[in-house]
Every structure is written in structure tokens, then in C-alpha cells.
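What follows is one structure encoded as C-alpha cells, with my remarks underneath.
Remember, predicted model here, so these are calculated numbers, not experimental data. Every chain is numbered from 1, with letters handed out A, B, ... down the list of sequences.
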Amino acid sequence: MGAMNLFTEMRGLVIDSLNQMVAAGDLPADLDFAAVAVEPPRDAAHGDMATNAAMVLAKPAGKKPRDIAQTLAAHLQSDARIDSVDVAGPGFLNLRLSASLWQGVVANVLAQGTGFGRSTMGAGQRVNVEYVSANPTGPLHVGHTRGAVFGDALASLLDFAGFEVTREYYINDGGAQVDVLARSVYLRYLEAHGRSVEFADGTYPGDYLVPVGQALKEKVGEAYLDQPEEVWLVEIRDFSTDAMMALIRADLKALGVEMDRFFSEKSLYGTGLIEAAIETLRDKGLIYRGVLEPPKGKTPEDWEPREQTLFKSTEHGDDVDRPIQKSDGAWTYFAPDIAYHYDKVERGYDLLIDIFGADHGGYVKRMKAAVSALSGGRVPLDIKLTQLVKLWKNGEPFKMSKRAGNFVTLRDVVDQVGPGVTRFHMLTRKNDAPLDFDFDKVLEQSKENPVFYVQYAHARVQSVLRKAADAGIATDDATLKAADLSLLAHEAEQAVMRKLAEWPRLVEIAARGNEPHRIAFYLYDLASDFHALWNRGNDDASLRFLQEGDVATSQAKIALARAVAVVISAGLGILGVTPAEEMR
RNA sequence: GCACCCAUAGCUCAGCUGGAUAGAGUGUCGCCCUCCGAAGGCGAAGGUCGUAGGUUCGAAUCCUACUGGGUGCGCCA
């Protein structure tokens, strides 16, 4: 069957040839071939694949690039998989592969199904992806939605690339904001008892707390009426955060996100875990008492120098040391975060990934410093920031929400356009680029809408399969795989096969950079090539997938279409989007 | 003041951890189709990749300095 990834297979051939050249004395021994790459050429006219081997080896080998290229070309030429080799430009080798190799890709896809393209690059490595981690004080809004989609797709991508992935949500239920939540719910509780209340600044006025107040009334009756805060705060806080987490879990479920683990900040308190994490840092000489300088150019009005317990994060790349205890001795928010990440390190992950909103960018260096210090540099932490989402509707900015008051919720979005459209569109930009989300455009049925265009390609394949079944043609994968794929000789068909062959390579590139948006762009390109082939069928009937009276040719062409659908399904699966059977 | 992110076609954006003549959609212009193989097709024009240096055989990509935009900057999370 051969390697799944044609590019790595061809790179292997190039390396073998280079080794033969070493053995023959054409190249010096002990050359490092790491920089040798086999890639798709920018221009298809150059061939199927190109290698830079001659250029990167010229200097270390002390030879001219074109001389190396000529000898290497002769070696490659003798391999049956290579149709032709030519030397171009400063020393590129352009390879043209035999048609059977591309046709084999189709058979490969059909044999492996949506497992085609799975990589082993992450084999044996455990990665923890932490995302969303919204405060448990209300429903998720659009910003959270982007983080949720990005984190979830990234987790799936890493899984596809062979990593063992944990999806995790850190619940900030230990800070002052959950006290505010409790007081807000208390007001709704009073309201449920017919009292008239006012929502002062520093409370959460959103309607979503009305049912929580009602539920609290049903649970405790009149017990908290006219009682001081000391009586009810702790209990209402627990009750309310539980209610909010139930709400958030339901929001995530509506989007199709399912976490492996929810980690409570509160669970760190009173257990010695924070103290243990800080002690670990203290043992490394990274904890001290000191006074921070005020930030230059932006001195707070009420600045007073105060002695605090500080983490020497500057020793691990941060700009200033960071306080872990307030002047009254209580932990800052950073301390439990350190403990939480310490816990992740102790759980033995090989790689940690955090997804933050862009407004938390200032937090990146200190978090990386903490993980670097806690793990002794063993565990890398990659932090991805998701930029703002700007909503549009009817051609103008949209920011109203029925339930939450001043922000648009995840539910507002998912209820209107569906989880699939939401997820795909959220990945049509790099994570660190701002994103426009237009409620009208994401539902538009045209080429300029990537969601539609990709789904349409999949639906067209399904349509072909249905029609083939009507015509009595067998289209199960086992039959298609055995079809005579040498009948797929047309350039437009070859183009689709070449694109399919890029899938395993693209998965690794996307996984290496933690960049799931590349999947979305690839799917658009693949769909585009498929649509182009389909359109050719309008003018040239011999390019249609169903050839009346010619079962063998039909099955070969259907095999290609089916392979496209399989790869689209695999890609959409990573993005968390269900492929469409038809476009109605 | 400092740190981080960003700057690519008129517009919205890709650009595969340094490769060849920098791509797509949209818009503009020209031709074709009005067919359920349907929600258009083909082609053209359009770029000093923010500016100026540097590293390299080779830079949109890496380094430095600027310009312009966003985010953040002790006892909020």
C-alpha cells in the first residue's frame, strides 16, 4: 500500500539516493540531511513535487548546487515511481510522478476511510488543551465561542495527529466575582418572593439569573429573607456557580463541545496545593518579599509602594516579577493559576496549551515563566490568543442580546445559524486575526461562503452516489477501491488527486503550528478543485462521474468523488462540523 | 514609558516553521451560460508584501530601527 504521505515517501526516496551518492563518493560522509525538503511546487507547471536537496547541501558538501542536482536527478530517474526529473532555477529538482502513484492515493483513501491522513507525529505524547475557562457568572458570549471552537478543533487536530489529548476547562470559582454572582442571585431570590429590588453597579443584572433566583426560592423557601450576608453567601455562591456551570455546559453542548475535565479553582484552596506549588518555586529560589516599581507612563492614581510576596518570573523570560500574594496576605489570582498549571505538569503531560482571549495577552509571559520554572523547562506551554469577533446583521454592527443585556451570547449565534456554520466560520481566520461574523453572509449559498462551498462539494458527491445506486452501479468502498483507477487520466482529475495527496502533509503542518484554521482553508481548496472538475463536466460529458453504459469508467470516477467526500468528512470532523448529505 | 499581536491586490484575507513569476474570494472590465451537472463558467487588468537597513545562494517569512493600528501593564479574575 505504501506510505500514507506521498511527500514523506518521496523524501525517503531522495534521502536514499543521497546516501547512495555518499557511498559512491559523490558526496562527503556525515552530511546532515535534515534541511532536505520535498514539497508541492508553487506552480503546478513545475511538476508534481520539488526538492531543495541540491541547494541546501551545496555549501556543506563544498560542491555546486547544479552538479549535485544532476547526479541526484540520475539516481531519482531510475526509480519506477518517477516519470521525469529536471533541474530548474538555482538547483531545484522538479519531480513528475507516475500517474499510478496519484491513482494509488485514491485507493488509499478508500481503504483507510476518514483515517486517511492520521499521523503518528504525536505518538506517545500527551497534551492538555485548556480552553473556554470562562468565569462561572453567566452564559458564554461570542468571544468565548471563538475560543471554544478554536480550542476544540485544535484538540481534535492534535488527536488526529497522534497525540493523546485532554480537553480541559478551568473554573474560576474562587475569586471575588463569584461573590458578586451570589449577591446578584440573592436579589433575584428576593424578587421571586415579590420584593422590589435594584441592581447596583457591581452586580450582574442579566435576565439569566431570574430562573436561578426562582430555583433558590423553591429550594430554601423563605429561609434567607431578611438575613445578613454571612448567613447565605457561601451557600448561595455554591448554588449559583453550580447553576452557571450547568448553563455553560449546556451552551458548550449546543456548540458540540465536550470537555474531558472541569478543574475547579476552589478545589485548590484549603488543600495545600497552592502552598505546595509555591514551595516548589521557593526551593528554586524564585520567591521573595519585595516592592514593585510602578509602571512607567501609567502610574495608578492611588499608587503606594507595598511589600508583597513576588515570583521571580524575570528569571524565566518575563518583564517584571509578579505578585502572588496581596498586601493583606491573601493569594492573588496568579497563585491558584500557578498551582493549577503545576497540577497539569505533575499529571505528566508532555505539552500544555492554553487558549486565552486577546485581552489576556499580558498574562502570557508570566504563565510561561511559571510552567518553565515548575517543570524545570521540561514541559513547553504554548498559549494561543483568540482575537475579537465582530458581529454584523443586516449590514450593520450587531450587539443586542435578549438574555444577557449587554453582550451577544453563544446561544444567540448557534440558535440562529447552527453549530456547524458557527464552528466552520470561526475557523476561517487565523486565531490572532480579528474576525467578522455576519449573520446573513454565513448562511449565503455562494462560492464566497466557504462553509457552503465545502458542504456543497460533499453534497454533490452524495448526489452522485445516490444516482449511481439508482442506475444499479455498486459504489461500496471495497468495490470502488478495486476499480480501474488508471482510467483517471485527465488533468482536471489529476489535480483533484494531487490535492487529496496533500491532506496528510497538511495535517502535520497544521498540528505542528497548532493552527486548525489551515484545515478549513485546505477544505475550501479541495472543494474548489472538485467543483472545477464538476464544472468541466458541463462542457465535456466524458468528465461526468456517471458514464452511461460504462460501469468500469463510472466506478473509477465515482471512486475519486468518494475519496473527496471522505477527506472532506475527515476534515470537517476535525472542525466538529457534520457533512451535508444535500443542500436543501 | 514598556511588553505582546498585527500591517500582503480597491475591499476581506491565505501564504506550508527561508525557496522559483507572491495566491484565493470579492469588486472592476471582457466573453459565455440561463442547462436542476442547480445555488454560475472562462479570461484580463490589479502588488516597491507599511518604511529603511541587515543576515543568506535565495526574505512576505529571520534580525535591528522606525511609521501606523490593536491589546495589556501591583493588592480584578
Side-chain angles (χ1 to χ4, degrees), chain A residues 7 35 37 39-43 45-46 50 52 55-56 58-59 64-65 88-92 94 133-135 137 172 174-178 180 265 291-300 302-306 308 310 318-323 325-334 336-337 357-365 383 385 387-388 428-436 441 444-450 452-453 456 460 463-464 467 502 505-506 508-510 512-513 515 517-518 520-522 524-525 528 531-532 534-539 541 543-546 583-584:
Chain A
F7 293 88
E39 301 172 317
R42 191 183 289 275
D43 188 342
H46 291 142
N52 60 356
M55 287 182 296
V56 298
K59 185 183 271 185
K64 288 179 185 168
F92 277 103
N94 290 327
S133 296
N135 287 342
T137 55
N172 286 112
Q177 76 281 359
V178 285
V180 174
E265 173 191 357
V291 181
L292 286 175
E293 295 283 313
K296 291 193 166 53
K298 189 198 174 270
T299 307
D302 56 349
W303 176 272
E304 291 175 36
R306 297 260 169 88
Q308 296 171 289
L310 300 169
D318 203 354
D319 306 308
V320 293
D321 292 339
R322 304 292 176 175
Q325 269 181 328
K326 304 175 191 177
S327 46
D328 67 0
W331 298 118
T332 65
Y333 56 87
F334 188 36
D337 264 359
D359 54 342
H360 286 61
Y363 204 50
V364 170
K365 281 191 179 181
I383 299 182
L385 305 178
Q387 262 292 350
L388 291 179
T428 55
R429 289 287 178 271
K430 285 182 295 200
N431 58 287
D432 54 6
L435 170 74
D436 281 336
K441 284 187 179 168
E444 208 168 272
Q445 303 210 330
S446 74
K447 183 176 187 172
E448 63 186 292
N449 180 359
F452 167 78
Y453 209 54
Y456 187 26
R460 273 182 158 171
S463 168
V464 167
K467 286 191 176 174
E502 281 180 35
R505 181 171 181 272
L506 183 108
E508 295 194 347
I509 290 167
R512 195 183 310 135
E515 295 170 327
H517 75 276
R518 289 183 188 274
F521 281 94
Y522 169 83
Y524 183 83
D525 285 346
S528 183
H531 286 307
W534 182 283
N535 291 328
R536 296 283 288 268
N538 289 330
D539 297 329
L543 285 175
R544 296 190 177 192
F545 292 93
L546 292 177
M583 292 316 292
R584 297 298 166 193

Q | Heavy-atom closest pair, residues P323(A) and T332(A) | A | O-OG1, 3.1 Å
Q) Donor-acceptor pair under 3.5 Å: do we get one between N94(A)'s side chain and the base of A20(B)? A) yes
Q. Rounded to whole angstroms, how far apart are CH2 on W534(A) and C1' on G37(B)?
A. 5 Å
Q) Distance check: side-chain N/O of N538(A) vs OP1/OP2 of A38(B), anything under 4.0 Å? A) yes
Q) Distance check: side-chain N/O of Y456(A) vs OP1/OP2 of A39(B), anything under 4.0 Å? A) yes
Q: Would you kindly give the CG-to-P distance between L292(A) and G74(B), to the nearest whole Å?
A: 9 Å
Q | For atom CZ of R322(A) and atom C1' of A3(B), their distance in whole Å | A | 9 Å
**Q.** Atom C1', compared across A45(B) and G30(B): separation rounded to whole Å
**A.** 10 Å
Q. G19(B), U26(B), G74(B): which one has an atom nearest the side-chain heavy atoms of P323(A)?
A. G74(B)
(Q) Centroid distance below 5.5 Å plus an interplanar angle below 30 degrees: do F92(A) and A20(B) meet both conditions? (A) yes
Q.
Any side-chain N or O of R42(A) below 4.0 angstrom from OP1/OP2 of A20(B)?
A. yes
Q: Look at all strands and tell whether F545(A) reaches a base, only sugar-phosphate, or nothing, counting heavy atoms closer than 4.0 Å.
A: base
Q.
With rounding to the closest Å, how many angstrom separate the C1' atoms on G41(B) and G25(B)?
A. 16 Å
Q. How far does the C1' atom of A60(B) sit from the matching atom of U17(B), given to the nearest Å?
A. 14 Å
**Q.** Nearest listed nucleotide, side chain of F452(A), among G15(B), A39(B), A77(B)
**A.** A39(B)
Q: Would you give the length of the straight line joining atom CG of N431(A) to atom CD of E515(A), rounded to the nearest 0.5 angstrom?
A: 7.5 Å
Q.
Does a side-chain N or O of Y363(A) approach OP1 or OP2 of A77(B) to a distance below 4.0 Å, or not?
A. no
Q. Under a 3.5 Å cut-off for both distances, is C49(B) Watson-Crick or wobble paired, and to whom?
A. none
Q.
Quick check for you: among G70(B), A77(B), G74(B), whose closest atom lies nearest to any side-chain atom of Q387(A)?
A. G70(B)
Q. Rounded to whole angstroms, how far apart are NZ on K365(A) and C1' on C73(B)?
A. 12 Å
Q: Taking all heavy atoms of V178(A) and all of N172(A), pick out the closest pair and write down the distance.
A: CG1-O, 4.0 Å
Q | R505(A) NZ/CZ over F7(A) ring centroid, <6.0 Å and within 45° of normal | A | yes
(Q) Which nucleotide wins on minimum distance to the side chain of N535(A), given the candidates A20(B), G41(B), G37(B)? (A) G41(B)
Q: Could you measure between the two P atoms, the one in G18(B) and the one in U61(B), and give it in whole Å?
A: 11 Å
Q. Taking OP1 and OP2 of A39(B), is either one under 4.0 Å from a side-chain nitrogen or oxygen of R460(A)?
A. yes
Q: Would you indicate which nucleotide in G19(B), G25(B), U71(B) comes nearest to any side-chain atom of E448(A)?
A: G25(B)
**Q.** Donor-acceptor pair under 3.5 Å, R306(A) side chain vs C75(B) base
**A.** yes
(Q) Any base atoms under 4.0 Å from K64(A), or only sugar-phosphate, or nothing? Heavy atoms, all strands. (A) nothing
Q) Does the aromatic ring of H360(A) sit over the six-membered base ring of G72(B), closer than 5.5 Å centre to centre and tilted less than 30°? A) no
Q) Which nucleotide in the set G19(B), G40(B), C75(B) lies at the smallest distance from any side-chain heavy atom of P90(A)? A) G19(B)
Q | Sub-4.5 Å side-chain heavy-atom contact between Y456(A) and Q445(A) | A | no
Q.
With a 4.5 Å cut-off on side-chain heavy atoms, are V180(A) and T137(A) touching?
A. no
(Q) I'd like the P distance from G46(B) over to A22(B), given in whole Å. (A) 13 Å
(Q) Could you identify the nucleotide paired to C2(B), looking across every strand shown and requiring Watson-Crick or G-U wobble geometry with both distances under 3.5 Å? (A) G72(B)
Q) Roughly how many Å is it from NZ in K326(A) to C1' in A77(B), rounded to a whole number? A) 10 Å
(Q) Looking at R505(A) and C16(B), is any side-chain donor or acceptor paired with a base atom of the opposite kind under 3.5 Å? (A) yes
Q. Out of G74(B), G23(B), A77(B), which has the shortest distance to the side chain of N135(A)?
A. A77(B)
Q: State, yes or no, whether a side-chain contact exists between K447(A) and Y524(A) at a heavy-atom distance under 4.5 Å.
A: yes
(Q) Just to be sure I understand the rule, does V56(A) reach a base, reach only the sugar-phosphate, or reach nothing, if contact means heavy atoms closer than 4.0 Å? (A) base
Q: Counting Watson-Crick and G-U wobble pairs only, both distances under 3.5 Å, name the nucleotide matched with A9(B), or none.
A: none
(Q) Applying the Watson-Crick and G-U wobble criteria at under 3.5 Å, what pairs with C29(B)? Answer none if nothing qualifies. (A) G43(B)
Q. G18(B) pairs with which nucleotide, Watson-Crick or G-U wobble, both distances below 3.5 Å?
A. none
Q.
Parallel, tilted or perpendicular: which one describes the rings of F334(A) and Y363(A), with boundaries at 30° and 60°?
A. perpendicular
(Q) Heavy atoms from C-beta onward define the side chain here; which of G1(B), C16(B), C75(B) lies closest to that of P40(A)? (A) C16(B)
Q) NA contact type, A358(A), heavy-atom cut-off 4.0 Å: base, sugar-phosphate, or nothing? A) sugar-phosphate
Q) Expressed as a whole number of Å, how far does the P atom of A3(B) sit from that of A44(B)? A) 47 Å
Q: Using the C1' atom as the reference point in each nucleotide, state the distance between A59(B) and C49(B) in Å, no decimals.
A: 11 Å
Q: Using Watson-Crick or G-U wobble geometry with both distances below 3.5 Å, tell me the partner of G37(B), or none.
A: none
Q. Nearest to the side chain of D359(A), which nucleotide is it out of G72(B), G74(B), G37(B)?
A. G72(B)
Q) Across the strands shown, which category fits L506(A) at heavy-atom distances under 4.0 angstrom: base, sugar-phosphate, nothing? A) nothing
Q. Does any non-hydrogen side-chain atom of M583(A) lie less than 4.5 Å from one of F452(A)?
A. yes
Q | Partner nucleotide of C62(B) by Watson-Crick or wobble geometry (both distances under 3.5 Å) | A | G54(B)
Q: Take atom CG of D436(A) and atom P of G25(B), then tell me their distance rounded to the nearest Å.
A: 20 Å
Q. Under 4.0 Å between a side-chain N/O of K59(A) and OP1 or OP2 of C57(B), yes or no?
A. yes
**Q.** H531(A) side chain near G25(B) phosphate (N/O to OP1/OP2, under 4.0 Å)
**A.** no
Q: Look at the side chain of S327(A) and decide which nucleotide, out of C75(B), U71(B), A39(B), has an atom nearest to it.
A: C75(B)
Q. Which value, in whole Å, describes the distance between the P atoms of nucleotides C6(B) and G15(B)?
A. 11 Å
Q. To the nearest Å, how far apart are K447(A) NZ and G41(B) P?
A. 5 Å
(Q) Can you give me the closest heavy-atom contact between R544(A) and N538(A), atom names plus distance? (A) NH2-O, 4.0 Å
**Q.** Residue whose nearest RNA chain B nucleotide is more 5′ - V320(A) or P41(A)
**A.** P41(A)
Q | Separation of C13(B) P from N449(A) CG (nearest whole Å) | A | 16 Å
Q.
With a 4.0 Å limit, can you tell me whether R518(A) has a side-chain N or O closer than that to the phosphate oxygens OP1/OP2 of G15(B)?
A. yes
